[in-house]
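In what follows, every chain begins at residue 1, and chains take the letters A, B, ... in the order their sequences are listed.
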Amino acid sequence: MPELPEVETTRRGIAPHILGKKVSGVVVRERSLRWPVPSRLPSFLKDSTVRAVNRRAKYLLVETDTGTLMIHLGMSGSLRIVGADQALRKHDHVDIAFAGGSILRYHDPRRFGSMHWITGDVASHPLLCDLGPEPLAGEFSSDYLVALSRKRKAPVKTFIMDSHVVVGVGNIYANEALFRAGIRPAKEAGKISAEKYALLVDAIKEILAQAIEVGGTTLRDFLGSDGEPGYFKQSLAVYGRGGEPCITCGTPLKEIRLGQRSTVYCGRCQR
DNA sequence: ATGCGGACCTGTTAGC
DNA sequence: TGCTAACAGGTCCGCA
């Protein structure tokens with residue numbers, strides 16, 4: 001589920017329920033996520049108090065007074081706030097219980113997600129220190145993309161999905177942003193004009209910001225049984241629509257694979 | 001340095 | 001209807 005808007009929605013959904021709360025206990029039922037969950041995580045977290053819930057790229061950073069829990073949701077992870085009486089589902093791998101009775105429950109069928117415990121400087125963690133800028137930050141600009149892309153031969157879609165270039169642009173939004181900007185996904189990153197990159201940057205920012213807003217409408221659901229963020233409802237112009245007519249010109253959308261990811265575009269509107 | 005393919009997993013869907 | 005294969009929203013790593 002999680003692209004950046006879903007991670008941000010999750011952050012906003014869980015933050016009010018855990019800020020200022022003290023951890024009363026941690027249960028790890030399945031350690032083998034993408035990287036092993038630290039075996040001492042329960043002792044690290046026990047009795048520490050949540051001071052902030054931040055996000056860097058698609059990592060959630062639960063900052064406590066003794067260290068930071070870094071969570072990635074991978075392809076299929078989700079976090080929900082549940083009561084102590086909430087029945088366990090399959091793939092509920094980790095519970096973090098707080099004084100007062102609420103539980104932050106991590107669920108992840110494919111186990112591509114991860115949990116790390118960080119003490120010291122969070123930004124210098126190996127998984128964070130080489131990341132590109134946040135897409136919604138001012139430093140992510142057409143000037144930046146132009147400068148970085150010269151001499152790059154990779155397809156522009158692959159380029160903007162590279163977390164060293166910019167974080168948080170997953171497969172769905174890469175497809176959608178390239179459609180909005182009128183850029184063919186397979187075109188060499190280094191051959192895209194500054195004008196086109198300006199359109200692309202605007203498209204990425206707009207789409208992500210919109211998706212976060214839409215996700216925001218489902219925040220209340222984080223307390224209930226339905227933790228599904230709302231991006232499915234969002235109208236997608238190309239993703240998942242291969243062979244169907246382009247919403248602009250009616251031409252059937254093409255579907256190809258780039259870097260083993262499904263890529264959909266309009267051969268007429270995107271050049 | 002860059003770019004590509006493989007790897008990690010389970011659940012759902014498409015196709016025979 | 002039932003079995004099998006292909007595919008799915010991420011991203012790190014190793015190799016060319």
For this session: Can you run through DNA chain C from 5' to 3' and write each base as (, ), [, ], | or . depending on how it pairs? Watson-Crick or G-U wobble, both distances under 3.5 Å.
Result: .|||||||.|||||||

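- Separation of the A:His93 and A:His107 ring centroids does not fall under the 6.0 Å cut-off.
- Nucleic acid contact class of A:Leu73 (heavy atoms, under 4.0 Å, all strands): none.
- Picking from B:dT10, C:dC7, B:dC8 the nucleotide with the shortest atom distance to the side chain of A:Phe112 gives B:dC8.
- The A:Gln260 side chain lies nearest to B:dG6 when the options are B:dC9, B:dG6, C:dC12.
- Across all strands, A:Ser262 comes closer than 4.0 Å only to sugar-phosphate atoms, never to a base (heavy-atom distances).
- When each of C:dG10, C:dC12, B:dG3 is scored by its nearest atom to the side-chain atoms of A:Ser163, the top-ranked nucleotide is C:dC12.
- Nearer to the 5' terminus of DNA chain B, by closest-nucleotide assignment, is the contact made by A:Gly259 (compared with the other of A:Gly259 and A:His91).
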Exercise. Which is it for A:Ser32 and A:Glu30 under the side-chain hydrogen bond (donor to acceptor under 3.5 Å, both in side chains) test, yes or no, and what are the steps along the way?
Worked result: CA-CA 6 Å; A:Ser32 62; A:Glu30 174 59 81; 2.6 Å; yes

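- A close approach under 4.0 Å does not occur between any side-chain nitrogen or oxygen of A:Arg34 and OP1 or OP2 of C:dT11.
- A donor-acceptor contact under 3.5 Å is not formed by the side chain of A:Arg111 with the base of B:dT10.
- Contact annotation for A:Tyr59: backbone-only contact, meaning every heavy-atom pair under 4.0 Å involves sugar-phosphate atoms and none involves a base.
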